[in-house]
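Below, all heavy atoms of this structure are taken into account, side chains as well, without hydrogens, waters or symmetry copies.
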Amino acid sequence: MAKVNKPTKPALWSSAKSQAKAKFDVYPSAYANAWAAKKYKASGGTWKTVSTTKAKKKK
């Protein structure tokens with residue numbers, strides 16, 4: 001099982017990503033994603049960890 005971080009407020013996360021895309025020339029990048037995450041957290045967003053199962057590939 002893999003653990004994935006999911007935003008608790010998807011609309012707010014989408015807004016932060018859109019602002020990062022407008023602000024930075026290259027998206028996705030480490031700087032743009034860090035800026036978007038910081039903006040999301042400052043606006044009241046949080047993250048939750050969700051367990052997922054990976055699908056097995058047939059050979």
**Prompt:** Under 6.0 Å from the CG atom of D25, do we count more than 12 heavy atoms belonging to anything else shown?
**Reply:**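 Counting other residues, nucleotides and ligands, CG of D25 stays at 12 neighbours or fewer.
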Smallest separation among heavy atoms of [X] and [Y], with atom names:
X: P28; Y: V26; value: O-CG1, 4.1 Å
X: Y27; Y: N33; value: OH-OD1, 3.0 Å
X: W47; Y: P7; value: CE3-N, 3.6 Å
X: A36; Y: A20; value: CB-CB, 3.9 Å
X: A16; Y: W35; value: O-CZ3, 4.1 Å

Sidechain-backbone polar pair: [X] side chain, [Y] backbone, donor-acceptor under 3.5 Å:
X: T46; Y: T8; answer: no
X: S18; Y: S14; answer: yes
X: S43; Y: K39; answer: yes

**Item:** Pairwise side-chain contact, Y40 with K17, heavy-atom cut-off 4.5 Å (strictly under)
**Value:** no
